[in-house]
Each structure stands twice: as structure tokens, then as C-alpha cells.
Amino acid sequence: MLGAAAAACVAASAISQERSAAAVPMPASAAAAAAPRFPSYDPRYPPPPGTPPAQVFQLSQDFPKTYAADTFAWEKIDFKAFPNEYLRAVLNYCLEGNVDVDFRVQDNPVRKWYHAPWLHDDGSQFGGGREWRRGMTRERMSRPFELHSKQTGRGQNWAVGFYNDRGGVGLGKVWLTADGRPDPAKSTFPPNTVACKLLFTDAPVEQVPYLANGKVWTANIYPDTNYNKPRVDKEMRLLQLDVAVKDPRLARSSGWVFGTFVYDGGSPGKTVWDRMSPVGLIWGDDQSVRIDAQRNGVFVNTALTQSRINGFLVEQPGWDYGNRAYVRHHGLGGRVNGPIDSPISSCVSCHGRAGTFANAADPVNRGRPMAMAVFSANKPSDFPMDKFDEFFKPIADGAHLETQDGSQFMTTDYSLQVTGGIRNYYQNLRSQPPVVAEAAGNARGARAAAPVDLSDAPPLPRVDRDAD
Ligand code: HEC
């Protein structure tokens with residue numbers, strides 16, 4: 001008994017050391033004193049001393065245990081027949097109350113929203129953790145001419161996502177565990193969970209004219225896409241807005257509707273938000289449709305049944321668009337993906353592979369994410385079709401086991417922010433002293449395994465929209 005109690009004690013102190021090692025100064029509040037807090041931004045790149053707390057991103061993390069029995073405007077809209085109306089209803093919900101508080105989502109007077117923990121630190125090798133001004137994480141860069149025919153340079157893209165209260169319940173179950181370790185098996189989100197994501201680019205208006213008159217944020221990011229330190233303040237413009245809805249009509253299939261908008265500075269809408277133009281939505285990957293899978297460029301694939309694309313955004317060669325928006329690619333075979341996304345994937349394909357190595361007692365592999373896409377292929381014509389089934393087969397919603405390349409993974413219900421957070425959590429443990437790391441890693445198990453020094457091990461693969 002005594003031995004077990006002592007071991008538990010060692011584990012507990014190891015966890016508190018691990019938390020403090022990653023901790024950064026937080027604005028004090030009653031809640032902050034009561035519970036351990038997840039850091040808000042990458043501690044390698046803190047705000048300058050004296051920055052007023054109101055200017056510093058704060059992770060919204062008072063995760064609720066229950067949610068209200070709300071009804072939602074999109075529930076009555078048939079997303080297959082009326083995709084634009086469905087997306088507009090979801091967008092309005094994402095904006096309500098958040099616009100007035102400029103997306104300090106915990107201050108939203110209508111309803112609170114929540115951020116996923118552990119996206120603040122993806123390791124020094126990558127340095128894409130949340131920046132301190134807006135909580136944005138680094139996203140796939142835009143290659144020249146991907147966004148517009150005038151885009152001669154690369155664009156650096158950063159984004160921040162947030163979940164409604166139902167999503168917050170799910171995040172709390174994964175992260176607020178008795179032993180302090182994330183539990184991916186708890187990653188099943190309730191019906192009508194909504195996640196929204198604002199994606200900003202540093203590509204200039206001269207190169208991407210449809211960014212004109214848009215929403216501008218200052219963010220603390222890299223000077224350019226070489227991602228050389230130190231981070232600097234830069235102006236960024238809203239380019240894309242993503243939504244994901246756990247729609248109960250899709251229970252027992254993918255569970256989720258993914259949709260995306262592009263900002264259209266030349267459209268007549270009165271506000272920035274009226275000028276968001278729907279690109280499309282997708283709820284499945286049409287595994288049986290291989291036609292045009294290796295076709296490059298932008299087109300509407302009429303063989304697809306599980307996605308809806310807005311044809312009016314498809315670029316027409318030779319057309320002078322002025323500062324109207326258009327898109328130059330979608331995902332593989334015309335499946336839905338946004339302007340900043342990789343053309344060899346799709347929303348459902350990448351998010352369906354949200355999963356983390358199932359055996360958390362395996363110190364070398366714990367935290368390892370499932371492969372999300374064939375990132376070695378840069379364009380559809382390079383996509384290896386022998387991998388098509390692996391990346392485009394249907395994945396059920398809810399946390400469950402999936403096998404990939406002979407390993408078992410626990411899926412995290414299409415949430416790549418959960419999979420990425422778990423990856424970062426275990427990557428961070430690797431740089432703690434090995435005994436501490438191992439004790440913390442075994443806090444749940446009855447027996448402590450021999451310490452393994454992983455400080456020199458290659459980093460776990462990153463959870464990102466591309467390999468860049
Ligand atoms: C190739 C991979 C990839 C593709 C394709 C992709 N995403 Fe994601 N997405 C990610 C990653 C990685 C994250 C988590 C990282 C972060 O938010 O910092 C993420 C996060 C999100 C989030 C925040 C909640 C969550 O599930 O993690 C939403 C919402 C989202 N994506 C929507 C979309 C939509 C809509 C599309 C298609 C238009 C899309 N994504 C396509 C990789 C992808």
C-alpha cells in the first residue's frame with residue numbers, strides 16, 4: 001500500500017512539474033487560481049513586458065460539463081438541397097456576439113465559445129504554436145498563384161478556431177481528466193457541436209486583389225515563409241473561414257458537415273461578413289468516385305454525390321475578375337477544400353484521419369498522429385492512386401479504433417485540434433527529464449515502466465495542413 005501511495009505521489013508531482021515547465025504568466029482570475037490552466041500562447045514568443053492583458057490572447061478554457069437544450073437555425077435546412085442557406089445559418093451563429101468582442105470568445109455576451117488546449121507549443125523544430133495576439137497557429141502556406149493569377153509570392157497563413165459550448169463539453173472530457181493526461185477515447189462530440197475557424201494571410205492585396213477592404217488583424221508571426229525567428233508584428237487579412245457541424249442527420253456515417261467560405265472584397269455585401277462567399281460543403285468522400293481524381297486545376301466534378309460546390313467561384317480562364325474572388329483549386333477530384341488547403345486532400349479526408357496512437361503506454365509512439373494525407377504529392381496528378389482507399393474511405397464519427405499501416409489509432413471524432421493537442425502534449429514531455437516524463441506518462445497505469453530517454457528521438461510528426 002505504502003509503495004503504491006508513494007508511487008502515486010511521484011506521479012502527481014511529476015505532472016505538476018510538467019505543467020509548470022510549460023506554464024507562462026496568465027492574467028490572474030479566480031478561476032485561474034482554482035484549477036490548473038492550459039497555456040494560451042507559445043512561451044518562446046511572449047508579449048513584450050508591460051503589454052496590457054486586454055491585448056493578449058487568452059485561451060477560453062472554462063469548459064462546461066453540460067450544455068443547453070438549444071435549437072439551431074440549420075437543423076431545419078436540408079444541407080444537400082440548400083447548401084448555401086445551411087452555411088449562412090452556421091456562419092451567422094459563429095459570428096453572433098463574437099464580432100462585437102472581436103473574437104475574444106469567452107467575452108461573448110450571447111454564448112461562450114472555447115479553444116482547444118495544447119496548440120500553444122508544437123516544438124522548437126516547427127515553431128507554429130499559438131501567437132500571443134490572437135491565439136493563431138501556423139497553417140499551410142499558399143504557393144505562388146494558388147490564390148490568384150497575380151500572386152507571385154508565397155503567403156504565410158495563420159488561423160484561430162473555436163468551439164461552441166457543446167464542443168467545449170467534449171474538449172473538457174478529453175483534457176480535464178483525473179490523472180492530467182488527455183484521454184482520446186473521450187473525444188466524442190455531442191450533436192450540433194460547431195467549430196469555426198478564421199484563416200488569415202499575409203499575402204498583400206496587390207497580389208490577391210479580392211482581399212481588399214477586408215478584416216485586418218495584427219498578429220505576431222514570422223517575417224516570411226522561411227519562418228525565421230524572431231516573430232514580428234504583421235498585418236494579416238481574412239482570407240478563408242471554415243466551419244464544421246456535427247449534424248445528427250449524419251449519425252452513423254461521417255457525422256459532420258464541413259464547409260468553407262472565401263472572402264470576396266469585390267462583392268456588394270455591406271459588411272466583411274456579408275462578403276464571405278461560400279465555396280462549398282462536404283459530408284463524405286465518395287469513395288467509389290475515382291473519375292478526375294488526378295486532374296489538376298479547378299473544375300466541378302458532377303460524379304460526386306457527397307459534396308456541393310459553388311460553380312460561380314470556379315475560375316473562368318481569360319475573365320477579368322477585378323477584385324472579385326474566385327478559386328483556382330478545390331480538393332482531390334473536385335472534393336471540397338478551401339483556397340489555402342492542399343489540392344490532394346479534402347476536409348473530410350484530412351479530418352477523418354484525426355486519430356492518435358492508441359497504446360498510450362508505448363513511450364516511443366504515444367501522441368503519434370495518424371497520417372492525414374499523402375503530403376509527398378503536391379498536385380493531384382502526383383497523387384498515388386494505390387493510396388486512394390486509405391485516405392478516402394469512410395470513417396465513422398465518434399472516438400473509436402482504426403488501423404493504419406498496421407498500427408491502431410484512437411480517432412478523435414474528426415477533431416484535428418484534439419489530435420494535434422495530444423501530439424504536442426507528448427512531444428513536450430519528451431523534452432522533460434526522462435524520469436519525470438516516464439512517471440507522468442504512467443500516472444494512470446499501476447506499474448511504472450523503466451524510464452526511457454526520448455530527448456534525442458526525432459520529433460513526432462506534426463499535425464498540420466501540409467508538410468511545409
Ligand atoms: C490536409 C489537412 C486538412 C485539410 C484538408 C483541412 N483541414 Fe481543417 N484542420 C487541419 C488541422 C491540422 C487542424 C488543427 C490545427 C489548428 O487548428 O491549429 C484543423 C482544424 C480545423 C478546424 C478546427 C476544429 C477541428 O476540427 O480541429 C475546423 C473547423 C476545420 N479545420 C475545418 C476544415 C474545413 C471546413 C476544411 C475544408 C474546407 C478543412 N478543415 C480542411 C487540417 C486540415
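Note that ligands are numbered from 1 as they come in the structure, with each ligand's atoms numbered from 1 the same way. What you see is a predicted model; the values in this text were computed from it and never measured.
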Answer yes or no for Ser415: is there a heavy-atom contact with ligand 1 below 4.0 Å?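 Flag set, Ser415 near ligand 1.
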
Quickly, which of Tyr414, Tyr114, Tyr163 forms a ring-ring contact (aromatic ring centres under 6.0 Å, His included) with Phe189? Name it, please.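 Going through Tyr414, Tyr114, Tyr163 one by one, the ring-ring contact (aromatic ring centres under 6.0 Å, His included) with Phe189 is satisfied by Tyr163 alone.
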
So which bit of Ser346 gets within less than 4.0 Å of ligand 1, heavy atoms only: side chain, backbone, both or neither?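 Just the backbone.
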
Taking 4.0 Å as the limit for heavy-atom contacts, which would you say applies to Ile282 with ligand 1: side chain only, backbone only, both, or neither?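 Under 4.0 Å from ligand 1, Ile282 contributes no heavy atoms.
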
Is there a donor-acceptor contact under 3.5 Å from the side chain of [X] to the main chain of [Y]?
X: Thr419; Y: Gly355; value: yes
X: Gln404; Y: Phe409; value: no
X: Asn98; Y: Cys94; value: yes

I need the nearest protein heavy-atom contact for [atom]: residue, atom name and distance, please.
atom: atom 18 (O) of ligand 1; value: Thr137 OG1, 2.6 Å
atom: atom 35 (C) of ligand 1; value: Gly259 O, 3.2 Å
atom: atom 24 (C) of ligand 1; value: Tyr163 OH, 3.2 Å

Which label fits Phe383 and Phe388: parallel for a plane angle under 30°, tilted from 30 to 60°, or perpendicular past 60°?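 If you compare the ring of Phe383 with that of Phe388, the planes turn out perpendicular.
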
Evaluate Tyr426 against Arg181 for side-chain hydrogen bond (donor to acceptor under 3.5 Å, both in side chains), listing each step before the verdict. CA-CA 9 Å; Tyr426 284 114; Arg181 291 173 59 196; 3.0 Å; yes

Test of proximity, Asn337 against ligand 1: N or O pairs below 3.5 Å: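 So ligand 1 has no N or O lying under 3.5 Å from an N or O of Asn337.
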
Applying salt bridge (Lys or Arg N to Asp or Glu O under 4.0 Å), run through Asp233 and Arg133 and close with a yes or a no. CA-CA 9 Å; Asp233 283 346; Arg133 285 184 175 275; 2.7 Å; yes

State the atoms of ligand 1, each with its element, that fall below the 4.0 Å cut-off from a heavy-atom position in [X].
X: Gly338; value: 38 (C)
X: Thr260; value: 38 (C)
X: Tyr414; value: 26 (O)
X: Val463; value: 12 (C)
X: Val243; value: 35 (C)

Heavy atoms of other groups near Phe145 CZ, more than 12 under 6.0 Å: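 Yes, the 6.0 Å shell around CZ holds more than 12 heavy atoms from other groups.
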
Neighbour count above 12 (heavy atom, 6.0 Å) for Lys234 NZ: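 Yes, the 6.0 Å shell around NZ holds more than 12 heavy atoms from other groups.
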
Closer than 4.0 angstrom, basic N to acidic O: yes or no for Asp413 and Arg166?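 Answer for the salt bridge query: no.
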
Partners passing side chain to side chain contact (heavy atoms under 4.5 Å, CB included) against Asn310 (at least two apart in sequence or in another chain):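 Checked Asn310 against side chain to side chain contact (heavy atoms under 4.5 Å, CB included); matches are Asn84, Pro278, Phe312.
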
Nearby protein N/O/S atoms (those under 2.8 Å) for atom 8 (Fe) of ligand 1, with water ignored: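 Listed by chain and number, the nearby protein N, O or S atoms are His351 NE2.
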
Rounded to the nearest 0.5 Å, what's the gap from CG on Asp100 to CG on Asn108? Could you check?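 Reported value, rounded in 0.5 Å steps: 8.5 Å.
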
